[in-house]
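Worksheet: one structure, shown below.
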Amino acid sequence: MKSKKCVAMLLAGGQGSRLGVLTSKIAKPAVPYGGKYRIIDFPLSNCTNSGIDTVGILTQYKPLELNDYVASGKPWDLNRTDGGVHILPPYHTAEGGNWYKGTANAIYQNLEFLERYNPEYVLILSGDHIYKMDYAQMLSQHIETGADCTIAVLDVSLEEASRFGIMNAHDDGTIYEFEEKPKVPKSTLASMGIYIFTWEKLKYYLTEDEKNPDSSNDFGKNVIPMMLSDNQLLKVFRFNDYWKDVGTVDSLWEANLDLLNPKIDLNLADKNWKIYSKNTGMPPQYISEDAQVENSLVTDGCEIFGKVDYSVLFKNVTVEEDAEVLYSLVMPGAVIKKGAKVQYSIIAENSIIEEGAVVGEEPNATGDENWGIAVIGDNLTVGKNSKITASQMITEDVKEGEEV
Amino acid sequence: MRTSSLAGLIFANSDDKLKKLTANRSMASVPFGARYRIVDFALSNLVNAGVTSVGIITKENYRSLMDHVGNGISWDLDRKNGGVYFIPPYYKRGVKRFSGTVSAIAGSTEYIEKCGADYIVLYDSHVIANIDLSAAFKQHKETGADITVVYRNGILPEKSTEKMILGLEDNRVKEITFSEESKETSFGIGVSIIGKDLLLKLVSEADEDGLTSFAREVIAEKISELKIYGFEHSEYVAVMDNTATYYEESMALLQSDVRKQLFNKKRPIFTKVRDGMPTRYGISASVKNCLIGDDCVIEGTVKNSILFRGARIGKGAVVENCILMQEAVIADGATLCNVIADKNVFVDENIVLKGTKEKLCFIDKNQTL
C-alpha cells in the first residue's frame with residue numbers, strides 16, 4: 001500500500017455526559033447541530049476540505065447511530081478506494097481486550113491501523129467542537145518548524161483560561177509547560193484538543209506511556225508532559241476564528257443560536273468551505289399563510305403554521321397553528337402542536353409537544369440562579385396543557401396537565 | 001449477479017412544450033418544486049419500487065441532465081450491477097437520428113437486452129407524480145397483462161396537449177383513443193410496464209415498418225391482440241403541457257394535500273445533494289404561503305411563491321406569486337410579481353417587475369436586471 005502523508009484520527013468515543021438526555025442514546029459527536037448537521041460533520045468536512053482523505057474514527061460509547069451516520073463516508077467524499085473513513089471500535093485479541101482507557105490509549109490500540117498507512121504525520125481530532133479549520137495550514141507549520149508535535153490553541157480571556165488545558169509558550173510558539181485547568185493561569189492559550197504528531201514520535205511516546213501503569217493514558221495529562229520533559233519540540237498553532245465546545249446543554253444551545261448572530265464568524269454558506277452532512281429525501285419547507293418566521297434557521301421537510309423566532313428548526317419539524325417557538329432548538333421530526341409554546345428549550349428528535357403545553361421559561365421568569373435551558377429527550381410526549389419549567393431535563397413522557 | 005427484474009427507460013426529451021424553460025435543457029432537467037428537477041420524480045419512483053437499472057434516452061440539450069444525474073449516486077444508482085445508463089443519439093453514417101418513441105426505443109435495444117430485467121417501465125419525463133410502481137408491477141404480474149398503462153381518472157385541463165384516453169372495463173383497456181378535449185376521462189400519464197421480450201419484438205417490427213409513435217401506432221393499433229390493463233394512480237399528477245401548466249402545477253404545491261401526495265413519506269423523492277446550509281430568515285423577513293428550498297437567505301417579504309435552493313431576497317424586497325429558481329438574487333427594495341425567474345438571475349435594487357397571472361414575466365437564465 002502506498003503511504004499517506006497525513007492520517008487523521010478522530011476521537012469519537014466520548015459520552016458527553018453533561019449533555020444529559022441528549023446523549024443517553026447517542027455518542028456526543030452524533031448530536032444534531034445547526035439544523036442539518038451533526039457535530040462530527042465539522043471535523044470530517046474540515047478533513048476533506050483540508051485534503052485529508054484517510055480518517056480513523058474511534059468509537060466506544062453508544063456507537064450505533066454514529067456508525068450508521070458515518071457509514072461509508074459518502075457525504076464527506078470519504079468513500080475512497082485508497083484511504084477513506086474507518087470506524088475503529090475497541091476489540092479483542094488472543095490475549096484479551098480492553099476498552100479505550102483514555103485518548104492516548106485509544107490511539108495506541110490502533111497503532112496497527114496507522115502502520116498500514118505508514119503516514120508521515122498523524123492528526124488527532126475530537127468530535128466535540130464546532131469550528132472550521134484548515135488542517136493543511138497547521139500541517140505546513142508543523143513541517144516548517146520541524147516540531148515533534150503541534151497543538152492548536154485558541155487565545156481565550158483570562159477568566160475563561162482556568163476552564164481549559166493551557167499551553168504556556170515562548171514568543172516563538174515553543175511550548176514549555178502544559179497546565180490542566182490552572183487556578184492562576186500564566187497564559188491564555190487554550191488547547192483545542194487538535195494535535196499533529198510526527199508519526200515516529202507519536203508511536204514512541206504512546207508505547208512509552210502504555211508501559212506506565214499509573215498513567216491515565218491521556219494526551220493532555222500524560223503524553224504532552226512526557227514529551228515536554230524529554231525536551232521534544234512542541235509548538236502552538238494559533239487559531240483565531242470561531243470555535244465552540246458544545247459539551248453542555250447551555251453551550252450547545254448557544255452554539256446553535258450563534259448561527260443567527262451576524263456578528264459571529266461562522267459562515268456555513270461559504271462555498272469554498274462547505275460543511276457536508278448526510279442528506280435524506282426531504283421535501284422543501286413550507287411556510288403557511290398565517291405563519292410568522294423571523295430570525296431563524298429552518299431546514300428541509302419543515303412545515304410551519306405558527307410563530308418561530310430566534311430558533312433553529314432541524315429537518316421535518318412541524319409547528320402547528322398558534323404554536324410558538326422562541327429561542328429554542330427543535331431537533332429532527334419533532335412536532336409542536338396547536339397553541340403549544342416552546343421557549344429557551346431544546347426539543348430532541350421526534351418528540352411531541354401536545355396542544356397548549358408550555359416548555360421552558362424566560363431567563364427573568366425565575367430567580368437567576370435556577371434558570372437554565374429546558375431539555376426534552378427524544379421520542380417523548382409532553383402532554384396537553386402541561387408545563388415544563390426552566391432547566392428541567394425531561395427523560396420520560398409528561399402527562400396531560402402535569403407541571404414539572 | 002442478479003439484478004432487479006424491473007428496469008426503467010426514461011424518455012428525457014419530450015419537445016419544446018415549456019418554451020424558454022426547455023430552450024437550453026431537456027424536459028427531464030426542468031427545475032420543479034423548490035429543489036427538484038422533473039427527472040427526480042421518475043428516478044425516485046423507479047428506485048422506490050426496487051429498480052436498480054435505469055436507462056435515460058436523451059436526444060438533445062442533455063448536458064444539464066447529465067450534470068444533474070451524474071453517476072446516479074443521489075438515487076443510490078451508483079452500482080456495479082445496473083445503475084444509470086445514458087442513451088444519447090448514436091451517430092452512424094446512413095443512420096437517421098431518431099424522431100419518435102419507436103426509433104428511440106429501437107436505439108436502446110442494446111440496453112434493454114443487457115439490463116438483466118424481464119420487465120421495463122417506459123417513463124415519459126414530463127410527468128410529475130409519486131406513483132407506487134411496485135403496486136403497478138404486482139398488478140401487472142397478477143393480471144398476466146402484456147402491457148399495464150398507468151392512468152389518472154379526472155378532468156383533462158383546458159389547453160392540454162393530446163392524451164391517451166383509455167376505454168376501461170374492470171381495469172382492462174378495451175379502447176384507446178387520443179384526445180385533448182377537457183372532460184372527465186381516464187387518461188394515460190405516460191408511464192407503462194411491458195415485458196422485455198414483447199417490447200423488443202413490437203419495437204423491431206414497428207421500426208422495420210417505419211412507424212414513429214409507440215403509443216399511437218403500436219399499442220393503440222394492436223389493442224385486440226394485446227392484453228392491456230390500466231393501473232389507476234388516484235393521487236396528484238402534473239403533466240407538463242405548457243408554461244401555464246408549469247406555473248399552475250408549481251403553485252399547486254402550496255396546497256397541503258398535494259404536498260402530502262407528492263412527498264409521500266414512504267416513497268421519498270430524492271434529488272442531487274447540494275450541501276447548502278438551512279434557510280435563514282432575517283429579522284425583517286415576512287413569509288406567507290411559500291415553498292422554500294434550503295440555502296436561501298430571506299430578509300424581505302415573500303408571498304405565494306416557490307423559492308429554489310440558494311435564493312436570496314434582500315431587505316425591503318417584495319416577491320409575490322413568483323417562481324424563483326436556484327441562486328436567484330433579488331436585491332434590496334426590488335419588487336417582483338407573477339414572475340418566473342430561471343436559474344442564477346440577479347435583480348438589482350429597487351427594480352419593479354410585474355407580470356399578470358395570464359401573462360407571466362419570464363427572466364432568462366443568468367440574466368442581470
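Every chain is numbered from 1, with letters handed out A, B, ... down the list of sequences.
Note: A/V293 leads A/V293, A/L260, A/T299, A/N279 in heavy-atom pairs under 4.5 Å with chain B. Ranking A/I304, A/L297, A/I275 against chain B, the residue ahead of the rest is A/L297, based on heavy-atom pairs under 4.5 Å. Options A/A291, A/G281, A/C302 differ in how many heavy-atom pairs under 4.5 Å they form with chain B, and the most are formed by A/G281. The most heavy-atom pairs under 4.5 Å with chain A, out of B/A34, B/C290, B/P268, B/A285, come from B/C290.
Ion pairing of B/D294 with A/K315 is absent here, as no side-chain N (NZ or NE/NH1/NH2) approaches a carboxylate O to less than 4.0 Å. A salt bridge does not link A/D300 with A/K36: every distance from a Lys NZ or Arg NE/NH1/NH2 to an Asp or Glu carboxylate oxygen is 4.0 Å or more.
For A/K274, the part lying under 4.5 angstrom from a heavy atom of chain B is the side chain only. There is no contact between B/D40 and chain A, counting heavy-atom distances below 4.5 Å. Contacts between B/S256 and chain A at a heavy-atom distance below 4.5 Å are absent for every atom of the residue. A/K271 touches chain B through its side chain: at least one heavy atom from C-beta onward sits under 4.5 Å away, while N, CA, C and O do not. With a 4.5 Å cut-off on non-hydrogen atoms, B/V273 touches chain A through its side chain but not through its backbone. The parts of B/I73 that come within reach of chain A are both its backbone and its side chain, each placing non-hydrogen atoms under 4.5 angstrom from that chain. Only the backbone of A/S288 comes within contact range of chain B, judged by heavy atoms closer than 4.5 Å. Heavy atoms of A/Y37 lying under 4.5 Å from chain B belong exclusively to its side chain. With a 4.5 angstrom heavy-atom cutoff, B/I269 touches chain A only via backbone atoms. Heavy-atom distances place no part of B/L307 under 4.5 Å from chain A, backbone and side chain included. Using a 4.5 Å cut-off between heavy atoms, A/L259 contacts chain B through its backbone alone, with no side-chain atom that close. Neither the backbone nor the side chain of B/T271 comes within less than 4.5 Å of any heavy atom of chain A. Heavy-atom distances place no part of B/F308 under 4.5 Å from chain A, backbone and side chain included. With a 4.5 angstrom heavy-atom cutoff, B/R309 does not touch chain A via any of its atoms. Residue contact with chain A, scored on non-hydrogen atoms closer than 4.5 Å, involves the side chain of B/D78 exclusively.
A/L266 pairs with exactly one of A/Y242, A/Y131, A/W243 by the side-chain contact (heavy atoms from CB on, under 4.5 Å) rule, that one being A/Y242. Exactly one of A/R38, A/K28, A/K244 qualifies for a salt bridge (charged side-chain N to carboxylate O under 4.0 Å, His left out) with A/D128. That residue is A/K28.
For B/I283, the CD1 atom is loosely surrounded, since the number of other residues' heavy atoms within 6.0 Å does not exceed 12. By the 6.0 Å contact criterion, NZ on A/K278 is enclosed, its count of non-hydrogen atoms from other residues, nucleotides or ligands being greater than 12.
Here the side chain of B/D332 pairs a donor or acceptor atom with the backbone of B/K315 at under 3.5 angstrom. A/S296 places a side-chain N or O within donor-acceptor distance of the main-chain N or O of A/Y310, the cut-off being under 3.5 Å.
B/F41 has its ring centre no less than 6.0 Å from the ring centre of B/Y123. Taking the centre of each ring, A/W76 and A/Y69 come in below the 6.0 Å mark.
Atom CG of B/L324 is separated from atom NZ of B/K343 by 14.5 Å, given to the nearest 0.5 angstrom.
B/I128 has its side chain within reach of B/I38: a pair of non-hydrogen atoms, C-beta onward, lies under 4.5 Å apart.
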